[in-house]
Amino acid sequence: MKFKSIRGTKDVLPGEVEDWQYVEKTIRHVMSIFNYREIRTPVFEQTGLFARSIGELTDIVSKEMYTFKDRSDESLTLRPEGTASALRAYIQHNVGEQSPLTKLYYMGPMFRQERPQAGRLRQFHQFGVEAIGSSSPQLDVEMMLIALRIYRELGIQEFTLKVNSVGCERCRPPYKRLLIGALRGVRHQLSPESQARVDQNPLRVIDSKDENDQALIRDVPLMKDHLCPECNIHFGEVQTLLHGTGTPFVVDGRLVRGLDYYTKTAFEITSSALGSQDALAGGGRYDLLVEELGGKPTPGVGFAAGIERLLMVLGKVGTPRRVDFRPVLFIVTIDDEARRWAFAKTHELRLKGVRVEIDYLGRSVKAQMREANRQEALYTVVIGETELLSRSGRLKNMQTGGETAVNLDEIESAIQS
Ligand code: AMP
């Protein structure tokens with residue numbers, strides 16, 4: 001074969017796409033219940049937007065972005081995540097002036113040049129939610145409730161909600177110094193990846209996947225134990241609100257997200273149905289980000305969730321309910337005259353919203369019946385000279401095999417009864 005899709009990308013073919021549509025429909029439904037409006041931004045942006053918001057030293061910016069120069073020599077990047085673009089649009093269009101609190105969601109492809117493996121793609125899809133304009137911990141918890149509601153609505157029961165606080169610009173710097181001091185003691189025994197992070201991005205050492213690293217850093221100080229009073233109160237309130245809504249969660253002091261812009265709350269939802277890449281969703285508060293991107297100081301909170309991972313979990317816990325594409329009626333035709341009649345009839349029924357299919361390939365009656373079966377049509381009717389003359393035919397219920405006489409002018413009511 002001449003051309004193939006690029007490694008780490010995936011085609012979604014009919015048969016699977018119905019699951020996607022069902023998931024997308026459920027997401028939109030839940031977003032409307034929580035009163036969030038959709039935003040659609042371009043898939044590429046100025047490179048600086050992501051470097052500035054996600055952080056130069058993060059894995060995403062330093063190793064994974066699809067960055068290229070266009071013909072005018074401008075550096076552009078395929079978006080690796082959705083928050084930066086949503087906030088760029090929010091600032092650019094003065095959205096905050098219309099209302100002090102803006103509730104947005106998005107869905108679409110994201111691009112990261114990661115090593116492809118199960119659950120890790122280079123073009124993957126996320127849905128994400130942002131609440132911009134309030135520092136209330138209620139919105140931190142609302143983010144978690146939205147994600148969990150979507151999973152529950154889809155029948156996913158097994159997941160773990162992990163919450164942490166990553167502090168703020170006041171308490172994080174002194175904590176970082178404390179942590180670097182503690183890490184320097186074991187530095188030379190750490191994995192090469194963690195060693196490189198000790199000075200530049202010490203928080204990421206804490207969530208190292210290396211078992212030896214974890215043993216070495218078991219007793220290092222954690223941010224949640226060194227929060228300033230404001231962050232501490234905020235974190236306490238998040239937990240109180242979670243308890244108040246009866247939402248099970250665990251406090252995970254080692255939860256550090258891979259993006260620099262988080263302040264105070266960070267959370268992750270994981271599923272045991274996934275392998276080593278077990279994160280379904282992650283998010284947190286980003287009170288400094290709007291200002292960092294050139295807007296007025298405005299607090300915000302959000303999360304993003306992977307759609308492929310969600311579908312992987314769905315595939316394991318049971319068949320999702322699908323958008324129904326099965327034809328209600330397949331009109332099987334014997335000769336040209338019947339084909340002409342069927343074409344007009346199909347047009348008439350489709351105008352009324354009935355899912356009808358016909359044969360376009362001049363196949364035999366037997367082959368058309370096989371096709372109707374393959375498409376799981378609910379009813380078939382065979383039309384030839386006799387049927388057209390008598391204006392009647394035999395309507396076959398494909399599930400029971402039973403046949404009934406039908407007046408050709410009353411097919412519609414017959415298939416709907
Ligand atoms: P992040 O933007 O890194 O916080 O990721 C949020 C969610 O997106 C993760 O929890 C995953 O479900 C999903 N995700 C992130 N990276 C990938 C990837 N390379 N392939 C598939 N899903 C991903």
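Being a predicted model, the structure only gives us computed values, none of them experimental. In listed order, ligands and their atoms are each counted from 1.
Comparing Tyr262, Phe303, Phe127, Phe124 by heavy-atom distance to atom 17 (C) of ligand 1, the nearest is Phe124. Of the candidates Met312, Met110, Arg120, Arg112, the one placing a heavy atom closest to atom 1 (P) of ligand 1 is Arg112. The nearest non-hydrogen atom to atom 5 (O) of ligand 1, considering only Glu268, Arg122, Gln126, Gln123, comes from Gln126.
Partners of Leu145 under the side chain to side chain contact (heavy atoms under 4.5 Å, CB included) rule, at least two apart in sequence or in another chain, are Phe34, Val141, Thr245, Thr247.
The closest side-chain donor-acceptor pair between Glu153 and Thr26, if any, does not fall under 3.5 angstrom. Glu142 and Gln138 share no donor-acceptor pair across their side chains, judged by distance under 3.5 Å alone.
Neither the backbone nor the side chain of Glu308 has any atom closer than 4.0 Å to an atom of ligand 1 (non-hydrogen atoms only). With a 4.0 Å heavy-atom cut-off, ligand 1 is reached by no atom of Gln277.
In summary, of the residues considered (Asp207, Asp213, Asp210, Asp59), a salt bridge (charged side-chain N to carboxylate O under 4.0 Å, His left out) with Arg197 occurs for Asp59 alone.
For ligand 1, one of its N or O atoms has an N or O atom of Ala279 under 3.5 Å away. For the pair Glu81 and ligand 1, the shortest N or O to N or O distance does not fall below 3.5 Å. Ligand 1 has a nitrogen or oxygen under 3.5 angstrom from a nitrogen or oxygen of Leu280. At least one N or O atom of Gly306 sits closer than 3.5 Å to an N or O atom of ligand 1.
Using a distance-only test at 3.5 Å, with no hydrogens or angles considered, a donor-acceptor pair links the side chain of Asp359 to the main chain of Arg363.
Sorted by first and then second residue, the salt bridge (Lys or Arg N to Asp or Glu O under 4.0 Å) pairs involving residues 65-86 (not counting sequence neighbours) form an empty list.
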Worksheet entry | side chain to side chain contact (heavy atoms under 4.5 Å, CB included) evaluation trace for Ile217 with Leu183 | CA-CA 7 Å; Ile217 60 173; Leu183 290 174; 3.7 Å; yes

